[in-house]
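Notes for the one structure printed next.
In this chain, numbering begins with 1 at the start of the sequence shown.
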Amino acid sequence: QVQLVESGGGSVQAGGSLRLSCAASKHSYDTYCMGWFRRAPGKEREGVAAISTGDGSTYYTDSVKGRFTISRDDNTLWLQMNSLKPEDTAMYYCVLDPVSGYSGSECYSLWSQQNLPPNYWGQGTQVTVSS
């Protein structure tokens, strides 16, 4: 089992920035997928970004491209969120999937296109963007 703990959420004005972090408990995986999902009230869960620890490649859903950046440093996953919009308001979840040999886009496709969600989820951190 892997435990994931998010932090960094909060309230911000439109146009502002937040940086989310996700601390993962120690595990034996060396190549795997990590990413971020979000869920807004009344809406379905949405994959936001994915990263491969194998080749470092990333993938973003269209609505956040150019504004969000996913990165990883050892057992910490980050999501830099710039130019925030009210539509970004949601609970954000860190995820880890112990699959090997996937690129970032393939991680995302596995989760969102094939509907095979990641194995491990954090508890979530709330992001609220006001206009």
Closest non-hydrogen atom pair between Q80 and S17, with its separation: NE2-CB, 4.1 Å
Residues S21, S7; criterion side chain to side chain donor-acceptor pair (under 3.5 Å); working and verdict: CA-CA 5 Å; S21 65; S7 62; 2.8 Å; yes
Nearest heavy atoms of A50 and W111, plus distance in Å: CB-CZ3, 3.6 Å
Transitive ILVMFWY side-chain link Y108 to V95, under 4.5 Å: no
Contact check, side chains of P118 and F37, non-hydrogen atoms, under 4.5 Å: yes
F68 and Y92 aromatic ring geometry - parallel, tilted or perpendicular at 30°/60° bounds: tilted
Result of checking T53, L110, V99 against C33 for side-chain contact (heavy atoms from CB on, under 4.5 Å): V99
In one Ile/Leu/Val/Met/Phe/Trp/Tyr side-chain cluster, 4.5 Å: Y93, L116: yes
Q126 to A90 - nearest heavy-atom pair and separation: NE2-O, 3.4 Å
Closest approach of I51 to I70 (non-hydrogen atoms, all atoms of both residues): CG2-CD1, 3.8 Å
Straight-line distance of Q123 CD to M91 CE, nearest 0.5 Å: 8.5 Å
side-chain contact (heavy atoms from CB on, under 4.5 Å) between R67 and D88, intermediate numbers included: CA-CA 11 Å; R67 300 188 298 120; D88 296 317; 2.7 Å; yes
From CD (Q13) to OG1 (T128), nearest 0.5 Å: 12.0 Å
Min side-chain heavy-atom separation E6-L20 under 4.5 Å: no
Minimal non-hydrogen separation, G54 against T31, with atom names: CA-CG2, 3.8 Å
Ring centers of Y120, H27 separated by less than 6.0 Å: no
Heavy-atom check, side chain of D97 versus side chain of Y102, under 4.5 Å: no
Salt bridge (Lys or Arg N to Asp or Glu O under 4.0 Å) pairs, two or more places apart, involving residues 51-62: D62-K65
Which residues share a side-chain contact (heavy atoms from CB on, under 4.5 Å) with S63, sequence neighbours left out: R38, E46, T61
Check: C94 and W121 side chains under 4.5 Å, non-hydrogen atoms: no
L18 with Y60, same ILVMFWY side-chain cluster at under 4.5 Å: yes
Same apolar cluster (I L V M F W Y, side chains within < 4.5 Å links), Y32/W78: no
L4 and L77, any side-chain heavy atoms less than 4.5 Å apart: no
Heavy-atom closest pair, residues R45 and P117: NH2-CB, 3.9 Å
